[in-house]
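Each remark here refers to the structure printed beneath this line.
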Amino acid sequence: MYRFQCDYTEGAHPAIMQRMIETNMEQTNGYGLDPYCDSARQKIKDLCECQDMDVHFLVGGTQTNTTVISAALRPYQGAVAAVSGHINVHETGAIEATGHKVLPLPSEDGKIAAAQVEEMCHAHWTDGSQEHMVQPGMVYISHPTENGTLYTKKELADLHEVCRKYGMLLFLDGARLGYGLMAETNDITLADLAKYTDVFYIGGTKVGALFGEAVVITNRALKKDFRYMIKQNGGMLAKGRLLGIQFDTLFTDDLYFKISAHADELAMKLKKIFLEKGYSLRYDSYTNQQFPILPDSHIEKLKEKYVFEFWEKVSDTESAVRFCTSWATKPEVVDELIRDIMEC
């Protein structure tokens with residue numbers, strides 16, 4: 001069976017595994033206070049074109065989201081997100097478990113617009129009963145979204161402006177950030193993220209690392225005591241150098257960007273063949289996630305050889321599914337899948 005259901009079925013890029021072996025018996029300080037973490041931090045600062053930022057390495061996405069949100073919000077505040085946002089759908093109520101409500105906004109493509117946030121905030125602050133309601137304190141977005149769609153630089157800047165107007169933080173989930181940055185339609189850079197967000201993270205778990213996410217904080221107030229929050233929320237790794245080694249490797253010789261581009265290129269081959277076959281696409285994604293609408297009979301045929309994810313029922317006879325490429329996807333496997341799609 002060939003697996004296309006997610007982008008973290010394999011272990012780690014061989015270059016990371018090799019450096020793990022080479023450094024295995026070294027002795028370093030723990031908890032991210034080692035030379036490898038320092039080197040990775042500096043590389044990320046350079047790429048973001050911002051030296052006045054803090055970079056922390058956490059073990060996984062859910063720990064990252066809960067740590068950032070619980071650190072950023074007061075007890076009476078909530079996080080505004082798309083109804084399909086990861087924190088609203090796929091984290092088992094982790095945000096609510098920290099005492100913060102997710103405030104969902106409707107979305108057709110996984111994105112939310114500045115106008116929506118403006119409308120929500122205006123309604124809250126002009127309501128005479130505002131003190132009896134959860135206060136919007138943060139806007140949470142992801143790039144790419146859960147649906148593989150991308151924000152433009154203007155959309156990001158507009159969200160940033162609304163957040164400034166209402167005194168909110170802007171937090172960008174970058175679990176699949178590499179695949180977003182290298183998409184052919186993307187116009188956002190790491191430097192843009194540093195400029196227009198208060199905090200974002202660079203995903204490693206889904207982009208070539210064994211595990212780990214790199215949190216980048218530009219907001220001065222959020223920097224204070226953040227390591228306390230990492231520890232309290234279970235995101236601090238005692239053998240922190242294992243995270244530093246991985247991100248230091250990913251940001252050596254543009255490896256992170258090269259392997260992300262590899263996944264996107266293969267996904268674009270799949271997108272092209274889906275369209276040539278006559279399938280509609282549930283979302284117009286230019287990233288490693290593709291969402292074709294297939295006849296259920298074709299889905300059953302493809303499931304004999306491939307693992308992919310059911311997304312939603314579209315009609316009595318058709319369903320949207322997700323095919324996900326990754327840094328490790330082999331071109332020859334994609335070519336075989338393409339042949340089988342054409343034979344359906």
Side-chain angles (χ1 to χ4, degrees), residues 1-24 36 40 57-64 86 90-91 142-144 146 148 173-183 201-214 235 237 239 241-271 285-292 302-311 321-341:
M1 297 292 286
Y2 299 125
R3 295 185 175 274
F4 286 90
Q5 82 268 37
C6 68
D7 35 26
Y8 46 93
T9 51
E10 292 85 4
H13 191 278
I16 288 176
M17 300 304 293
Q18 184 60 38
R19 286 198 75 190
M20 290 282 201
I21 293 170
E22 292 170 355
T23 61
N24 186 50
Y36 296 104
F57 301 105
L58 280 73
V59 294
T62 299
Q63 293 95 331
T64 298
H86 199 74
H90 287 134
E91 288 190 329
S142 60
H143 187 78
E146 292 296 289
D173 177 330
R176 293 187 169 95
L177 185 57
Y179 305 129
L181 294 176
M182 299 311 293
Y201 73 91
I202 302 169
T205 302
K206 296 177 180 178
V207 195
L210 272 175
F211 54 86
E213 326 298 324
L237 186 65
K239 297 181 181 179
R241 74 138 182 265
L242 299 181
L243 291 163
I245 289 168
Q246 293 185 80
F247 279 95
D248 192 53
T249 303
L250 286 171
F251 288 107
T252 297
D253 298 328
D254 292 331
L255 180 62
Y256 188 77
F257 304 106
K258 291 174 182 176
I259 63 177
S260 296
H262 167 82
D264 286 349
E265 288 166 6
L266 294 179
M268 290 304 95
K269 288 185 67 174
L270 286 178
K271 181 176 184 175
S285 168
Y286 288 86
T287 69
N288 70 314
Q289 300 179 90
Q290 294 298 312
F291 301 85
L302 291 171
K303 282 169 64 175
E304 295 174 6
K305 285 177 61 176
Y306 305 95
V307 181
F308 49 95
E309 187 173 351
F310 170 82
W311 201 253
V321 296
R322 183 182 75 166
F323 283 85
C324 200
T325 58
S326 82
W327 61 274
T329 301
K330 296 178 180 179
E332 57 268 28
V333 174
V334 171
D335 290 340
E336 186 171 345
L337 172 57
I338 287 173
R339 290 193 293 270
D340 289 334
I341 289 170

In Å, rounded to the nearest 0.5 Å, how long is the span from [atom1] of [X] to [atom2] of [Y]?
| X | Y | atom1 | atom2 | answer |
| --- | --- | --- | --- | --- |
| Leu266 | Cys324 | CG | SG | 11.5 Å |
| Leu255 | Ser260 | CG | OG | 8.5 Å |
| His143 | Arg176 | NE2 | CZ | 13.0 Å |
| Leu337 | Lys269 | CG | NZ | 10.5 Å |
| Met17 | Thr249 | CE | OG1 | 11.0 Å |
| Gln289 | Glu309 | CD | CD | 8.5 Å |

So do the side chains of [X] and [Y] get within less than 4.5 Å of each other, counting heavy atoms only?
| X | Y | result |
| --- | --- | --- |
| Phe211 | Leu243 | yes |
| Val207 | Leu250 | no |
| Tyr179 | Ser326 | yes |
| Tyr256 | Trp327 | no |
| Phe291 | Val321 | no |
| Leu181 | Phe257 | yes |
| Phe247 | Tyr36 | no |

Any donor-acceptor N or O pair under 3.5 Å, side chains Asp340, Tyr306: yes
Pairs in or reaching into residues 241-262: which pass salt bridge (charged side-chain N to carboxylate O under 4.0 Å, His left out), with residues at least two apart or in two chains? Arg19-Asp248, Lys43-Asp248
Take Cys6 and Lys206, measure what side chain to side chain contact (heavy atoms under 4.5 Å, CB included) needs, and give me the verdict at the end. CA-CA 8 Å; Cys6 68; Lys206 296 177 180 178; over 6 Å; no
Donor-acceptor contact below 3.5 Å, side chain [X] vs main chain [Y]:
| X | Y | answer |
| --- | --- | --- |
| Asn288 | Asp264 | no |
| Lys271 | Ser285 | yes |
| Glu213 | Gly60 | no |
| Thr325 | Thr329 | no |

In terms of heavy-atom contacts, does CZ of Phe308 have more than 12 from other residues, nucleotides or ligands at under 6.0 Å? yes
Does NZ or CZ of Lys305 come closer than 6.0 Å to the centre of the six-membered ring of Tyr2, within 45° of the ring's axis? no
Of all heavy-atom pairs linking Met20 and Gln246, the shortest is CE-CG, 3.5 Å
Kindly write out the residues that satisfy side-chain contact (heavy atoms from CB on, under 4.5 Å) with Glu91, not counting sequence neighbours, or none if the list is empty. Thr62, Asn65, His86, Ile87, Ala94, Ile95
